[in-house]
Chemist: 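One structure coming up, written as structure tokens, with questions to follow.
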Amino acid sequence: MQAYIMAFVIGGLICVIGQLLMDLTPLTPAHVLVLFVVLGGIMSGLGLYQPLVEMGGAGATVPLPGFGHALVSGTIEEINKSGFTGVFSGGLKASAFGVTAAVVFGLLAAVAFNPRG
Amino acid sequence: MSVSDGRQGQEEFQKWYQARFNQVKPKPPILKNVFWAFVVGGLICTLGQVIQTYFISLGLSQKEAAGPTSAVLIFLAALFTGLGVYDELGRKAGAGSIVPITGFANSIVAPAMEYKREGYVFGVGAKMFVIAGPVIVYGLVTAVLIGLAYWSFR
Amino acid sequence: MNKKSGNQTIAYADPPVLAAAATIAGPMEGEGLLNGQFDRVLEDNLAGQDTWEKSESYMLEWAVRTAVSRTGGTLDDIDCILAGDLLNQLMSAHFAARSLGRPFLGLYGACSTMAESMLLGAALIDGGFASRVAAAVSSHHDAAERQYRYPTELGVQRPPLAQWTVTGSGAVVLAREGQGPRLTVATIGKVVDAGLKDPNAMGPAMTPAAADTLWHHLQDTGRQPNYYDIILTGDLGQVGKTLLIQLMQEKGIDIAANYEDCGLMIYREDQDPHAGASGCASSALVMCGHAFPLLVTGRLKRVLLIGTGSLHSPTSYQQKESIPAIAHAVAIEA
């Protein structure tokens with residue numbers, strides 16, 4: 001139960017930050033998504049995001065900064081394993097499941113549905 | 001000024017008008033928006049936790065469970081976008097349904113559906129990355145830069 | 001004979017008659033404040049077509065054909081069609097004109113196009129170049145969303161300033177002879193840039209252009225605002241309306257008593273249109289569906305329609321340019 005509450009709170013708070021950025025600055029949703037991925041990546045590189053994941057579980061991995069964290073932590077892990085080539089191969093390897101799922105389901109949905117407006 | 005009588009220059013007028021506009025500009029209902037962003041964003045993440053817990057119960061490690069968990073969430077987001085529900089949710093929830101990975105999936109599915117009428121190559125194939133593309137580009141560049149720094153200093 | 005009056009105003013020597021008008025609207029518009037005042041309400045935004053764009057084009061064509069048939073004549077009696085819309089390269093108007101098969105002039109004045117097409121159509125007639133013209137515009141919420149903003153199924157939140165593009169079309173037939181309200185005076189607007197950059201703030205961005213045109217109209221004609229039963233702006237929305245009253249007040253002109261914005265006459269509050277309606281069809285539906293019948297029955301005697309257009313594009317917005325705007329005024333008197 002504790003895990004679910006933490007996921008709710010941490011995930012909710014990350015979304016609140018996004019909402020405040022959209023309401024109080026001229027940033028568009030697309031800008032917020034890009035900013036969050038980059039920020040998540042930087043925090044991950046500084047070792048600040050993993051503690052958040054341990055605390056919030058899916059609350060930290062499901063929001064977009066979690067995507068940035070997956071890219072960076074995957075890169076670092078791959079560098080540890082296979083050296084320099086990891087700089088280029090680690091990111092996509094770690095996020096392959098999500099990215100591929102998004103592309104495939106995106107295409108399927110486009111085939112199956114029409115926009116309702 | 002616009003009602004041009006030569007009293008003010010164009011730039012002065014624009015400055016004056018911007019200030020006047022700011023006085024009457026309606027503010028977004030921040031408290032309400034923040035509340036819904038928190039609740040909906042929190043619930044989507046809780047659903048993520050439920051799915052993740054299920055995959056872990058099947059014997060996957062927490063790390064291994066991350067991929068399938070996001071895939072299920074992405075599938076659900078694609079389905080609800082297709083059914084025309086996700087945009088209604090987004091109107092209320094704002095960042096609550098934009099920031100989670102489901103929002104990322106919505107940003108791929110919505111243009112893919114919308115531009116089907118322009119064909120599968122230049123329509124669906126090209127437009128599906130109109131928002132997700134920048135996210136992937138800058139996410140990967142961040143990862144490479146941090147990776148380079150890590151490799152140099154480790 | 002000089003038909004120019006003052007700086008920017010045309011005083012038609014032989015004012016053309018508004019012989020007939022027609023409107024067609026989307027389902028949301030049909031349930032709004034003007035419920036029951038449209039000639040036809042669509043069951044859905046596609047109108048049996050396979051794209052939003054074709055649906056919009058269909059509405060424009062239907063509106064023109066219906067207005068023409070109401071004059072008792074046929075399309076062959078129409079010397080020229082003047083029409084425009086919001087889509088790139090005037091897709092809706094051009095595709096409608098392809099089927100209508102009459103001489104055609106495409107106009108782009110963004111949401112000011114209804115007033116622009118009436119102004120020019122009347123000039124063609126008064127100049128002796130035509131005896132009957134059709135002026136028409138269309139806009140479509142979903143077609144405009146995908147071109148100017150986001151795909152329709154994207155889950156974004158609309159800011160309180162945002163306006164809702166009207167799905168619909170309005171057409172009017174202007175004629176040299178006949179019975180009906182007449183287009184007597186028109187004021188051609190200048191492009192005015194208020195310096196605003198937020199594409200959600202279209203109404204406020206257009207307000208100084210509307211103020212400029214209204215002020216010159218009053219100067220050129222020597223009229224007072226109360227000369228008109230009602231002064232209508234096209235789609236300034238809630239915020240733009242407030243600002244226009246203020247801007248005019250500062251010029252010593254009080255319009256609060258008989259001024260309304262078409263953008264606030266289309267949707268009910270609970271339809272959640274935020275700051276109001278926008279689009280070419282905002283002024284067209286109010287003019288052709290609401291004001292025209294009142295002018296015909298004599299319940300309105302004098303109407304000033306100020307079409308307001310925001311002349312930005314997705315390119316200009318992404319290149320961080322401010323929003324230029326224009327407003328044209330047409331006076332219709334029964």
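Fair warning: this is a prediction, and the values are worked out from it, not measured in the lab. Every chain is numbered from 1, with letters handed out A, B, ... down the list of sequences.
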Chemist: Taking all non-hydrogen atoms of both residues, which atom of B/Ala95 and which atom of A/Gly18 are closest, and how far apart?
Modeler: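 Taking every non-hydrogen atom into account, CB-C, 3.6 Å.
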Chemist: Can you say whether A/Tyr4 sits under 4.5 Å from chain B via the side chain, the backbone, both, or neither, judging by heavy atoms?
Modeler: both
Chemist: What residues of residues 23-31 of chain B make heavy-atom contacts with chain A at a cutoff under 4.5 angstrom?
Modeler: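 Within residues 23-31 of chain B, near chain A: B/Pro28, B/Ile30.
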Chemist: At what distance, to the nearest 0.5 angstrom, does CD1 of A/Ile42 lie from CG of B/Leu145?
Modeler: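 Rounded to the nearest 0.5 Å, the CD1-CG separation comes out at 9.0 Å.
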Chemist: For B/Val34, does its backbone N or O pair with a side-chain atom of A/Gln19 as donor and acceptor, under 3.5 Å?
Modeler: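 No; zero donor-acceptor contacts below 3.5 Å.
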Chemist: Which heavy atom of B/Cys45 sits nearest a heavy atom of A/Ala7, and at what distance?
Modeler: CB-O, 3.6 Å
Chemist: Side chain from CB out, backbone as N, CA, C, O: work out which of these in B/Pro111 comes under 4.5 Å of a heavy atom of chain A, or both, or neither.
Modeler: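 Neither the backbone nor the side chain of B/Pro111 comes within 4.5 Å of chain A.
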Chemist: Can you tell which of B/Pro68, B/Ala78, B/Ala65 has the highest number of heavy-atom pairs within less than 4.5 Å of chain A?
Modeler: B/Pro68
Chemist: Contact part of B/Thr53 toward chain A, heavy-atom cut-off under 4.5 Å: side chain, backbone, both or neither?
Modeler: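 The side chain, not the backbone.
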Chemist: Tell me, for B/Asn106 versus chain A, whether the close heavy atoms (under 4.5 Å) come from the side chain, the backbone, both or neither.
Modeler: neither
Chemist: Can you say whether B/Glu114 sits under 4.5 Å from chain A via the side chain, the backbone, both, or neither, judging by heavy atoms?
Modeler: both
Chemist: Considering only heavy atoms and a distance below 4.5 Å, find which of A/Val16, A/Leu108, A/Ile5 pairs most often with chain B.
Modeler: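 The residue among A/Val16, A/Leu108, A/Ile5 with the greatest pair count is A/Val16.
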Chemist: Using a cut-off of under 4.5 Å on heavy-atom pairs, state which of B/Ser97, B/Gly42, B/Ala66 scores highest against chain A.
Modeler: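 Highest number of pairs under 4.5 Å: B/Gly42.
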Chemist: Within the 4.5 Å heavy-atom criterion, are B/Ile131 and A/Leu33 side-chain neighbours or not?
Modeler: yes
Chemist: Of the options B/Thr142, B/Ile136, B/Leu140, B/Val144, which is the one that meets A/Leu71 in a side chain to side chain contact (heavy atoms under 4.5 Å, CB included)?
Modeler: B/Leu140
Chemist: Of the non-hydrogen atoms in A/Gly98 and B/Ser70, which two are nearest, and what is the gap between them?
Modeler: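 Closest heavy-atom pair between A/Gly98 and B/Ser70: CA-OG, 4.4 Å.
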Chemist: So how far is it from A/Met22 CE to B/Asn33 CG, rounded to the nearest 0.5 Å?
Modeler: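 The distance works out to 7.5 Å.
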Chemist: Sort out for me which of B/Gln52, B/Gln49, B/Lys116 touches chain A most, counting heavy-atom pairs under 4.5 Å.
Modeler: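 Most heavy-atom pairs under 4.5 Å with chain A: B/Gln49.
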Chemist: Answer whether the closest heavy-atom distance between the side chains of A/Leu35 and B/Tyr138 falls below 4.5 Å.
Modeler: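 In short, these two side chains do not touch, never coming nearer than 4.5 Å.
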Chemist: Measuring from atom CZ of B/Arg154 to atom CG of A/Asn80, what distance do you get when rounded to the nearest 0.5 angstrom?
Modeler: 6.0 Å
Chemist: State whether the number of non-hydrogen atoms from other residues, nucleotides or ligands found under 6.0 Å of B/Arg117 atom CZ is greater than 12.
Modeler: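 Yes, CZ of B/Arg117 has more than 12 neighbouring heavy atoms, counting only those of other groups under 6.0 Å.
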Chemist: Out of A/Gly11, A/Gly86, A/Ala96, A/Ala110, return the one with the most heavy atom pairs under 4.5 angstrom to chain B.
Modeler: A/Ala110
Chemist: Between A/Phe8 and B/Phe38, how do the two ring planes meet: parallel, tilted or perpendicular, split at 30° and 60°?
Modeler: perpendicular
Chemist: In Å and rounded to the nearest 0.5 Å, what is the CE to CG distance from B/Met113 to A/Leu107?
Modeler: 12.5 Å
Chemist: What part of B/Ala132 lies closer than 4.5 angstrom to a heavy atom of chain A: side chain, backbone, both or neither?
Modeler: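 Contact with chain A: none, neither part.
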Chemist: What part of B/Phe129 is in contact with chain A, defined as an atom under 4.5 angstrom from a non-hydrogen atom: side chain, backbone, both or neither?
Modeler: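 Contact with chain A involves the side chain of B/Phe129 alone.
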Chemist: Considering only heavy atoms and a distance below 4.5 Å, find which of A/Thr100, A/Leu20, A/Val34 pairs most often with chain B.
Modeler: A/Val34
Chemist: Please identify, among A/Leu92, A/Val104, A/Val99, the residue contributing the most non-hydrogen atom pairs under 4.5 Å to chain B.
Modeler: A/Leu92
Chemist: Looking only at heavy atoms and a cut-off of under 4.5 Å, which of A/Thr61, A/Ile10, A/Val87, A/Ile17 has the most pairs with chain B?
Modeler: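 Looking at each option in turn, the highest pair count goes to A/Val87.
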Chemist: Using heavy-atom distances under 4.5 Å, tell me whether A/Glu77 contacts chain B through its side chain, its backbone, both, or neither.
Modeler: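 Looking at A/Glu77, just its side chain touches chain B.
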Chemist: Please name the residue in the list B/Val99, B/Ile98, B/Ile44 that meets the side chain to side chain contact (heavy atoms under 4.5 Å, CB included) test with A/Pro63.
Modeler: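 Result: among B/Val99, B/Ile98, B/Ile44, B/Val99 is the only option passing the side chain to side chain contact (heavy atoms under 4.5 Å, CB included) with A/Pro63.
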Chemist: Relative to chain A, which of B/Leu83, B/Val39, B/Asp87, B/Thr69 shows the most heavy atom pairs under 4.5 Å?
Modeler: B/Leu83
Chemist: Which heavy atom of B/Ala37 sits nearest a heavy atom of A/Cys15, and at what distance?
Modeler: O-CB, 3.6 Å
Chemist: Between B/Val50 and chain A, with a heavy-atom cut-off of 4.5 Å, which part of the residue counts as in contact: side chain, backbone, both or neither?
Modeler: both
Chemist: Which residues pass the ring-ring contact (aromatic ring centres under 6.0 Å, His included) test with B/Phe75, sequence neighbours left out?
Modeler: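 Listed in chain order: A/Phe105.
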Chemist: Does any heavy atom of chain A fall under 4.5 Å from the side chain of B/Ile108, the backbone, both, or neither of them?
Modeler: side chain
Chemist: Is it the backbone or the side chain of B/Leu47 that comes under 4.5 Å from a heavy atom of chain A, or both, or neither?
Modeler: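 For B/Leu47, neither part sits under 4.5 Å from chain A.
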Chemist: Heavy-atom distance under 4.5 Å to chain B: side chain of A/Phe84, backbone, both or neither?
Modeler: both
Chemist: If you round to the nearest 0.5 Å, how far is CH2 of B/Trp151 from OG1 of A/Thr75?
Modeler: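 Result: 14.5 Å between the selected atoms.
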Chemist: Under 4.5 Å from any heavy atom of chain B, what part of A/Val37 do you find: side chain, backbone, both or neither?
Modeler: side chain
Chemist: Would you indicate whether the side-chain heavy atoms of A/Val111 and B/Tyr120 approach each other to under 4.5 Å?
Modeler: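 Heavy-atom side-chain distance check passes, below 4.5 Å.
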Chemist: Which atoms of A/Leu46 are under 4.5 Å from chain B, going by heavy atoms: the side chain, the backbone, both sets, or neither?
Modeler: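 Neither part, no heavy atoms under 4.5 Å.
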Chemist: For the CG atom of B/Leu79 and the CZ atom of A/Phe113, what is their distance to the nearest 0.5 Å?
Modeler: 5.0 Å
Chemist: What part of B/Ala71 gets within 4.5 angstrom of chain A, counting heavy atoms only: side chain, backbone, both, or neither?
Modeler: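 Interface part for B/Ala71: both.
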